[in-house]
Structure formats: structure tokens, C-alpha cells
Amino acid sequence: DLAQLAAGLKITPEETLLSQKPSSWARDQLLQAAARIPNLPEADFLLGLVSKQEGDLAGAEAALKRAVAGRADPDWKASLAELLRGKGLRAMMHKPRDLETARAAWLEALTLYPPGTDTSGLKGLLEMAEKDLLRSRFEAGATAFASGDFRGAREGFGQALEIAPEFFEGWLNLGLACGRMQDWEAAERAFAEAVRLRPEDAQARSLLMDARQRLNH
């Protein structure tokens, strides 16, 4: 059974270094066990550890996610969280940096750590990535708008707002892009959000009034 298999592999959830057998042998044995007993979380967890040891990080992530889906073991979730943390760091080290991958990995990692875990460092990294991603998406929208690509501008500003839903300039510029596309219903919604965020802003109020007038005619 799996307990005997794990003992024969010299593997425990806390120890993945194989002293007597190569990791490729362990991988084959675990794959055979998983084939004999489908949906076996223990096999997926051990396979994830072996894959990580071999440097197959994508395979390790997939196996650990299957294991956690089958059993929400806190230690398994912590192992997956650490793998995702590393994935985000590697994405940020790419040239150019892969902000999308880093953000997604760190957001997922934060949902996996046990309560009481100090995740302040990871949250700081996530905040830094999100600020850069927000700026990148907003600048893409602004560049598209300046070139007359209002559909691209709408997409860029909308993606920026996925990062920061309370971003006043994002809503204001999204409304402008929608207005240029003659989509006054969408423009009205965007300007209404801008006014909600800054009710004292005269430009936002004026643009909202204009969009509503156009909707009524």
C-alpha cells in the first residue's frame, strides 16, 4: 500500500532526499501507485516533492495542487504556498519581469498559509508587483488612447481597474474611451464610479452629466 511504498522510497512529507534510490525511480513508482489507485492525494503529494527535487517545478505545482484539492492538509498547503512564492520570485527576476505571473502566484500563495503565519514579507512583494502592474496597464491604455485605438484603451484601463477598483483616474479614462466608442451606457457607469470616488471633482461630474444627456437623446 502507499505506506509501504513511501517507506520503500525513504520519503516522508518532511523529507524528500532519497539516499538509496534515484528520484527518477521514485517518480516511476509513484506514477504506478497513482495509476493503481486513482485520486490518491498522498501519491500526488509525494510526487510533487519528488518533482520539485528533480527541478520539474511545473510538474511539482500540478501534483501539489491535486494533492491539496484532495485533502486540505495544512502542511501540504504550506508546501504548495512556498512553491508558489518561489514561482513569483522567479517571474520577477525575468527580463522583462513577468508581473502577471508573479501576482497570480503570490495571490494564490497567500490563501494557503495557515492562520497566524507571518506573510507580511509576501504581502509587501505582492503590493510592489501590483503597483508596477497597475502602472503598466494604465500606461498601455493611455498610449492606445493617444493613438486613437479606443478599443485598446478601454481594455487597458479596464485591466488597470482589475488591480485597483478604487482607481479614480482609471474610471475617468475608461469613461472617456467608452465615450469615444459611442458606448454611452458604459461611459455613464464609468463616470458614475469616478464621481463616487471623488464627488468634489468638477470634471468627473461634468462628464457624467454629459453621458447621461446623451443616453436620454
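Note that the structure is a prediction, hence the values are computed from the model and not measured. Side-chain atoms are counted along with the backbone in the values below, which use heavy atoms only and exclude waters and symmetry mates.
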Partners meeting side-chain contact (heavy atoms from CB on, under 4.5 Å) with Lys123 (sequence neighbours left out) =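 Partners of Lys123 by the side-chain contact (heavy atoms from CB on, under 4.5 Å) criterion, ordered by chain and then number, come out as Leu110, Thr119.
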Residues [X] and [Y] bridged, charged N to O under 4.0 Å:
X      : Y      : answer
Glu108 : Lys65  : yes
Glu193 : Arg189 : no
Arg214 : Glu188 : no
Arg198 : Glu169 : yes

State whether the side chain of Ser136 and the backbone N or O of Asp132 hold a donor-acceptor pair below 3.5 Å, judged by distance alone.
->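 Answer holds: no.
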Does Asn216 reach the main-chain N or O of Arg212 with its side chain, forming a donor-acceptor pair under 3.5 Å?
-> yes
Does some side-chain heavy atom of [Y] sit less than 4.5 Å from a side-chain heavy atom of [X]?
X      : Y     : result
Leu57  : Glu61 : no
Pro114 : Lys77 : no
Val68  : Phe45 : no
Asp98  : Met92 : no

For residues [X] and [Y], report the shortest heavy-atom separation together with the two atoms involved.
X      : Y      : result
Ala67  : Pro41  : CB-O, 3.6 Å
Gly152 : Ala144 : C-CB, 3.7 Å
Gly141 : Ala153 : O-CB, 3.4 Å
Gly175 : Ala187 : O-CB, 3.5 Å
Ala60  : Gly48  : CB-O, 3.3 Å
Gly121 : Arg85  : C-NH2, 4.4 Å

To the closest 0.5 Å, what do you measure between [atom1] ([X]) and [atom2] ([Y])?
X      : Y      : atom1 : atom2 : value
Leu197 : Phe168 : CG    : CZ    : 7.5 Å
Thr101 : Arg90  : OG1   : CZ    : 11.0 Å
Glu42  : Trp76  : CD    : CH2   : 4.5 Å
Leu112 : Leu107 : CG    : CG    : 11.0 Å

According to ring-ring contact (aromatic ring centres under 6.0 Å, His included), does anything in [range] pair up with another residue at least two apart or in another chain? List the pairs.
range            : value
residues 92-121  : none
residues 47-69   : none
residues 116-155 : Phe138-Phe157, Phe138-Phe167, Phe145-Phe150

Any chance CE of Met128 has more than 12 other-residue heavy atoms, nucleotides or ligands included, within less than 6.0 Å?
-> yes
Applying the 4.5 Å side-chain criterion to the ILVMFWY set and letting contacts propagate, would [X] and [Y] be lumped into a single cluster?
X      : Y      : result
Leu89  : Leu80  : no
Leu133 : Trp171 : yes
Trp184 : Met181 : no
Leu122 : Leu84  : no

For Glu82, check salt bridge (Lys or Arg N to Asp or Glu O under 4.0 Å) against everything at least two apart and list the hits.
->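 For Glu82 there are no salt bridge (Lys or Arg N to Asp or Glu O under 4.0 Å) partners, ignoring immediate neighbours.
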Run the numbers on Asp149 and Ser147 for side-chain hydrogen bond (donor to acceptor under 3.5 Å, both in side chains), then give the verdict.
-> CA-CA 6 Å; Asp149 178 10; Ser147 67; 5.4 Å; no
Side chains of residues 158-166: which donor-acceptor partners sit under 3.5 Å, not counting sequence neighbours?
unit_1: Gln159; atom_1: NE2; unit_2: Glu155; atom_2: OE2; d: 3.4
unit_1: Glu166; atom_1: OE2; unit_2: Arg196; atom_2: NH2; d: 3.1

